[in-house]
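Working notes, beginning with the structure itself.
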There are 2 protein chains.
Amino acid sequence: MCAHILKLRTICYLEKEGICVQTQITNVIDSIDPKNIRIKDIAKKAGVSEGTVDRVLHNRGKVSVKSTEKVRRVLKEINYTPNLIARTLGVNRNYRLVALTPDPNLDPFWQQSFEGIKAGEAQLVQFGIHFNVEYSFYDPTKKETFQKAALEIFHSHPDGVLVAPLFYYASIPFFKELAEAKIPFILFNTHILEAKALSFIGQDLFKSGNLAAELVSIGQPANSTFAVVHINEDLPNSVHLVEKEKGFRDYFVSPGNSHTIKTYVLNNTDIESFQESVTKIFNDTFLAGIFITTSKAYLIAPIVKKINPTIRIVGYDLIKENMDCLNQGSIHFLINQNPMRQAKLGIQALANHLLFKKRIPSLHLFPLEIITPQNVSTYLSHEGNLTGITV
Amino acid sequence: MCAHILKLRTICYLEKEGICVQTQITNVIDSIDPKNIRIKDIAKKAGVSEGTVDRVLHNRGKVSVKSTEKVRRVLKEINYTPNLIARTLGVNRNYRLVALTPDPNLDPFWQQSFEGIKAGEAQLVQFGIHFNVEYSFYDPTKKETFQKAALEIFHSHPDGVLVAPLFYYASIPFFKELAEAKIPFILFNTHILEAKALSFIGQDLFKSGNLAAELVSIGQPANSTFAVVHINEDLPNSVHLVEKEKGFRDYFVSPGNSHTIKTYVLNNTDIESFQESVTKIFNDTFLAGIFITTSKAYLIAPIVKKINPTIRIVGYDLIKENMDCLNQGSIHFLINQNPMRQAKLGIQALANHLLFKKRIPSLHLFPLEIITPQNVSTYLSHEGNLTGITV
DNA sequence: AGATGAATTGTGTGCGCACACATTCTGAAA
DNA sequence: TTTCAGAATGTGTGCGCACACAATTCATCT
């Protein structure tokens with residue numbers, strides 16, 4: 001049979017210089033490959049049956065103290081790691097997941113997150129894993145739609161939930177309910193600390209604002225004025241935007257700082273009056289740079305460029321409209337939140353938790369990706385390659 | 001048995017406004033879940049045995065035209081995707097991979113790539129996949145060590161190879177041999193087009209130089225002078241550096257450009273004379289920015305800062321020394337090549353090819369990640385999270 | 001028609017695990 | 001001693017696939 005495996009690892013390149021070929025030979029004789037210990041092997045080694053080992057491994061009880069000890073000792077000796085693939089094979093129950101996000105039809109940003117969820121689902125299917133993801137969408141401008149959807153999800157008793165909880169106060173009771181019902185849930189995009197979620201996946205928004213400040217001010221003269229602009233948002237209810245602004249302002253609180261920061265909140269209920277007010281604001285004040293806290297930078301960038309093309313604009317996310325502005329030079333930097341990868345990872349994390357019973361990190365912070373006209377294309381071609389084993 | 005699955009997908013949030021709850025109910029009655037078609041199901045539908053379906057699926061021959069037709073028709077009708085997990089279960093053989101890279105002990109950059117390979121291997125082990133990765137290292141400054149290692153690898157007849165081929169001409173014959181012996185190989189970090197590799201994983205180096213030019217010149221006054229610096233490299237033999245410089249210079253070939261570009265090649269055989277020559281060079285010419293084409297920016301950044309702290313420095317990679325310079329303000333931008341993720345993906349790609357028999361893209365270009373003092377920490381915390389299902 | 005060998009087709013097994021179920025072992029009560 | 005729960009332990013099965021091997025069919029020749 002197998003056994004008698006001869007492993008040969010060679011590190012060699014200095015032969016001439018006398019250190020010569022450094023070869024390490026490992027002989028694995030008639031023993032099990034240490035990488036590949038089965039429950040069966042543990043059972044044999046402990047002198048018990050596979051069933052007993054299984055009971056010990058899963059704390060199913062009904063094992064005598066003596067047997068438990070024997071198994072525990074073997075487990076400590078060898079480093080058993082269950083074969084995750086084999087583990088899922090026998091599982092034929094269907095896990096039902098629900099994803100709750102803003103409606104992708106209302107915002108290209110959430111369209112991308114939606115794509116990520118689908119990619120995650122597709123990947124699991126490919127591996128023969130029975131995960132059904134259902135989608136529930138809400139209107140990001142109306143918190144009642146979130147509450148309603150949340151209630152329905154709770155009543156449908158899913159096996160796991162993935163949520164982008166834009167509304168702070170509206171989401172708290174939902175998470176309380178989920179926790180009580182022991183339904184695992186993962187947050188992405190926006191972190192709600194009190195939620196006690198299984199995991200949060202997203203960026204550090206304070207640092208994100210920090211970075212925006214750096215980008216907007218690089219190479220700018222002293223005594224400049226910068227603006228923070230929130231578009232179309234219910235600011236007091238939106239933790240994520242407040243956090244970004246805090247980070248932005250924090251960057252300028254340093255000994256030698258000479259810059260001035262202003263904040264604007266804009267609503268584009270109708271386009272004409274929006275354009276007017278934008279024009280008025282940016283004509284009145286001389287700004288060296290503008291930081292838009294949402295993915296809506298494309299709404300004001302072209303207007304600002306007409307007023308003064310040297311005003312530096314920093315926004316968020318690789319949505320088409322923003323990239324057009326980037327290429328035309330009206331937006332100078334974008335910070336990519338990578339909603340697609342966030343969402344995909346969310347699904348994967350739920351699978352890891354429910355199915356593979358892996359421990360998943362309670363915090364998965366994404367890097368703050370800086371996008372410029374020169375590197376934007378490299379991000380696009382990369383986004384498509386979301387497949388792989390893992391992720 | 002199973003069947004009678006009731007799927008319920010709800011999209012609901014506009015009830016008040018009359019559009020009401022939009023519910024889509026899918027009833028799957030007594031039929032197989034379309035997501036989960038087995039070979040057995042195909043066999044039943046085609047009226048043949050599982051063995052015949054298997055033979056058709058794998059082109060093993062020994063099937064009559066009639067049976068082949070029957071199976072093909074069913075396959076066309078339903079969209080069969082094999083269960084990748086089950087596929088690997090029965091595979092008993094041990095695949096032997098060899099990774100050929102510069103010696104990690106000589107360069108922290110290659111240390112990171114080494115970590116990535118190990119991470120990839122570890123992940124496969126966790127999934128119970130029998131992949132043994134052996135390592136073979138060469139001295140990146142001596143092409144003979146590459147040639148020697150390559151020869152040994154070829155003679156050991158591995159199942160797959162992952163290579164970072166820094167030497168252009170020295171590597172061509174190796175790849176020819178591998179191709180003739182039908183040993184699949186994947187390149188990473190440096191692309192050798194003629195190699196006809198299974199896949200290349202890495203960055204577009206021309207664009208990388210392009211981006212460096214953008215970073216070095218943002219917010220700089222007109223008529224500035226910038227330097228391209230190659231450190232410790234056999235330039236004519238190193239395609240990757242030449243390509244980066246091309247990209248860098250290309251950026252400044254535009255109608256309105258007023259900048260000047262200079263190129264320097266430095267060798268730090270002994271530290272003192274190196275420091276002297278660096279000091280001399282950068283004292284002689286007034287430079288607005290410097291682009292170092294390797295991960296060695298930390299060797300000159302502190303010296304340059306002493307001469308003139310406003311000279312902007314752009315380098316490569318998140319190695320400790322560079323990050324220290326970044327935090328101390330002597331390096332202003334780094335472009336992250338993500339050697340860890342590149343290498344890990346290389347292993348995964350080989351597994352996908354050999355084991356899962358998935359098609360893998362012949363080109364996997366990584367994004368050009370811009371690192372600044374403000375976002376460097378977010379990349380570090382993220383690097384650790386390399387696990388997941390995929391990748 | 002019967003025999004023979006090749007072409008085709010069908011069946012069985014193992015991969016490692018989880019879980020259901022069957023069996024054996026205790027010790028206390030009858 | 002026998003009986004009998006209940007605890008402890010062991011055995012068997014399926015998950016979907018690949019591959020080895022067994023069984024069948026078919027065409028051809030005697």
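On a predicted model such as this, the values are computed, not experimentally measured, just so you know. A note on names: the letters A, B, ... follow the listed sequences, proteins ahead of strands, and every chain is numbered from 1.
- Atom CD in A:Glu50 sits roughly 11 Å away from atom C1' in C:dA18 (whole-Å rounding).
- In terms of phosphate contacts, B:Thr52 brings a side-chain nitrogen or oxygen within less than 4.0 Å of OP1 or OP2 of C:dG10.
- In the region residues 54-75 of chain A, proximity to DNA chain C at under 4.0 angstrom, judged on heavy atoms, holds for A:Asp54, A:His58, A:Arg60.
- For the contact set between residues 82-89 of chain A and DNA chain C, defined by any heavy atom under 4.0 Å, the members are A:Pro82, A:Asn83, A:Ala86, A:Arg87, A:Leu89.
- The side chain of A:Ile39 lies closest to C:dA18, out of C:dG10, C:dG16, C:dA18.
- Between B:Arg72 and B:Lys76 there is no side-chain heavy-atom pair separated by less than 4.5 Å.
- Note: CG (A:Leu355) to P (D:dC15) measures 16 Å, nearest angstrom.
- When the shell of 6.0 Å around NZ of A:Lys44 is examined, it contains 12 or fewer heavy atoms from other residues, nucleotides or ligands.
- With salt bridges taken as basic N to acidic carboxylate O contacts below 4.0 Å, one links A:Arg38 and A:Asp41.
- Contact of the B:Tyr95 side chain with the B:Asn132 side chain is not registered, since no non-hydrogen atoms from C-beta on lie closer than 4.5 Å.
- With B:Asp159 contributing its side chain and B:Arg96 its backbone, the two residues share a donor-acceptor pair below 3.5 Å.
- Distance, B:Phe356 CZ to D:dC17 P: 14 Å, rounded to whole Å.
- In the set C:dC15, C:dC17, C:dT9, the nucleotide with an atom closest to the side chain of A:Lys40 is C:dC15.
- With a 4.5 Å cut-off on side-chain heavy atoms, B:Ile39 and B:Tyr80 count as touching.
- Atom CD1 of B:Ile129 and atom C1' of D:dC17 are 14 Å apart (whole Å).
- For the pair A:Ile37 CD1 and C:dC17 C1', the interatomic distance rounds to 15 Å; values are reported in whole Å.
- Taking the six-membered ring wherever Trp is involved, the centroid distance between the rings of B:Phe154 and B:Phe185 does not fall below 6.0 Å.
- Using a 3.5 Å distance cut-off with no hydrogens or angles, the side chains of B:Arg55 and B:Ser67 do not pair a donor with an acceptor.
- In this structure, B:Phe188 has its ring center no closer than 6.0 Å to that of B:Phe366.
- Side-chain contact between B:Leu151 and B:His155 is present, with at least one heavy-atom pair separated by less than 4.5 Å.
- For the helix from C:dA1-D:dT30 to C:dA30-D:dT1, the axis fitted to the five pairs at one end and the axis fitted to the five pairs at the other end meet at an angle of 90° (nearest 10 degrees).
- In terms of phosphate contacts, B:Tyr80 brings a side-chain nitrogen or oxygen within less than 4.0 Å of OP1 or OP2 of D:dC17.
- In this structure, B:Ile360 and B:Ile186 have side chains that are in contact, with non-hydrogen atoms separated by less than 4.5 Å.
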